[in-house]
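Any value given below was found using the heavy atoms of this structure, including those in side chains, with hydrogens, waters and symmetry copies removed. Residue numbering restarts at 1 for every chain, and letters A, B, ... go by the order of the sequence lines.
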There are 2 protein chains.
Amino acid sequence: MTKIKESSTYNANREIVLQECPVTYVMQKIGGHWKPIILYHLLSGEKRYSEIKKAMPHISEKMLIQHLKQLEADNLLIRNAKPVVPPYVTYTLTEAGKELETVISAMAAWAFKDMKRGIVEAVLEG
Amino acid sequence: MTKIKESSTYNANREIVLQECPVTYVMQKIGGHWKPIILYHLLSGEKRYSEIKKAMPHISEKMLIQHLKQLEADNLLIRNAKPVVPPYVTYTLTEAGKELETVISAMAAWAFKDMKRGIVEAVLEG
DNA sequence: ACAAGTACTTACCCCAAAGTATGTATCATG
DNA sequence: CATGATACATACTTTGGGGTAAGTACTTGT
């Protein structure tokens, strides 16, 4: 059986790369502008929708909801809706979500180091 | 006429988020489909262009070059061209690039754990 | 009566990222 | 003298992520 050529490389790419590359696997789940930031805010504990929104003034509602749904689908957080009348919905990290803290920390550590490096170089050049 | 404000959110977002969020800072540098994979291949040592290309059969030349240039500009790798006649160009990680290994390892570790979790759940569900 | 708050949903649009395809310079080799 | 290898460059098209704006359903406060 010849391998399916599906519709051109990029579908092929996605799947192959996903299976081969754990980093890409992670990127699928926490990549993009907003997801890591949402996760970051939830690392400090359960928050309700409006709290997250206030913590991220620059995100649109559409993006926020969309990524919350995605993170839920990816089993990184849990949505909890109380059937009360002003809706009361909270989001909590799952175990998987909490375990991302090590990844996020590693990133943050590297980022700070790299930012410093940038400054040092700028100073040396100037 | 829906006019988009010149300086409206998404440009503002980028900058604000970059300054506020180290994770986004990292994403700018190693995010996307290809960059982490390129870095991964270079973690095992200096490689020439054609070697990287062969190691990543699904990337287009355009994307490969483009990301190599970007990674170079971001000070994550160094391009070394020997002025010989079949061109001989190698790429090596900088210190900053090598230090990404901790980040990439954290990602990989999480990914494998999470993949396993996915399998376990699938089995339990039947 | 009606505005305001909460947690979304939907429709429409734009742009940057990624893909496709082809071109370039140089020399070695058949 | 034409072909192939190497390391790119460039034009052109497509795709999808993200942005804006507006609507929904339900109730509380004034």
Taking only side-chain nitrogens and oxygens of [X], does any of them come within less than 4.0 Å of OP1 or OP2 of [N]?
X       : N      : result
B:Ser50 : D:dA7  : yes
B:Tyr91 : D:dC8  : yes
B:His67 : C:dA18 : yes

Atom-to-atom span, [atom1] of [X] to [atom2] of [N] - whole angstrom:
X       : N      : atom1 : atom2 : result
B:Ile59 : C:dT20 : CD1   : C1'   : 14 Å
B:Lys47 : D:dA7  : NZ    : C1'   : 18 Å
B:Lys53 : D:dT6  : NZ    : P     : 8 Å
B:Met27 : C:dA16 : CE    : P     : 21 Å
B:Arg79 : D:dT6  : CZ    : P     : 16 Å
B:Leu64 : D:dA9  : CG    : C1'   : 13 Å
A:Ile65 : D:dT20 : CD1   : P     : 16 Å
B:Met63 : D:dT10 : CE    : P     : 14 Å

Does [X] use its side chain to pair, donor to acceptor, with the backbone of [Y] at less than 3.5 Å?
X       : Y       : answer
B:Trp34 : B:Met56 : no
A:Thr94 : A:Asn75 : yes
B:Glu51 : B:Arg48 : yes
A:Lys35 : A:Gln28 : yes

Nearest-neighbour nucleotide for the [X] side chain, [options] considered:
X       : options               : value
A:His33 : D:dA7, D:dT20, D:dG18 : D:dG18
B:Arg48 : D:dT10, D:dA7, D:dG19 : D:dA7
A:Ser60 : D:dA7, C:dG19, D:dG19 : D:dG19

Using a heavy-atom cut-off of under 4.0 Å over every strand shown, decide if B:Lys82 touches base, sugar-phosphate, or nothing.
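No contact at all - B:Lys82 keeps every heavy atom at 4.0 Å or more from the nucleic acid.
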
Would you give a per-nucleotide map of nucleotides 23-30 of chain D, 5' to 3', where B means the base has a protein non-hydrogen atom under 4.0 Å away, S means only the sugar-phosphate does, and - means neither?
----S---

Closest-nucleotide ordering on DNA chain D, the 5'-leading residue of B:Lys62 and A:Lys62:
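Here B:Lys62 is the residue nearer the 5' end.
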
Among side-chain atoms of A:Asn80 and A:Tyr88, is any donor-acceptor pair under 3.5 angstrom?
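No donor-acceptor contact under 3.5 Å links the two side chains.
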
Any luck finding a side-chain donor-acceptor pair between A:Lys47 and A:Ser50 under 3.5 Å?
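Checked: A:Lys47/A:Ser50 side chains show no N/O donor-acceptor pair below 3.5 Å.
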
Gap between atom CG of A:Leu42 and atom CD1 of A:Ile38 - 0.5 Å precision
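Atom-to-atom, A:Ile38:CD1 and A:Leu42:CG are 8.0 Å apart.
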
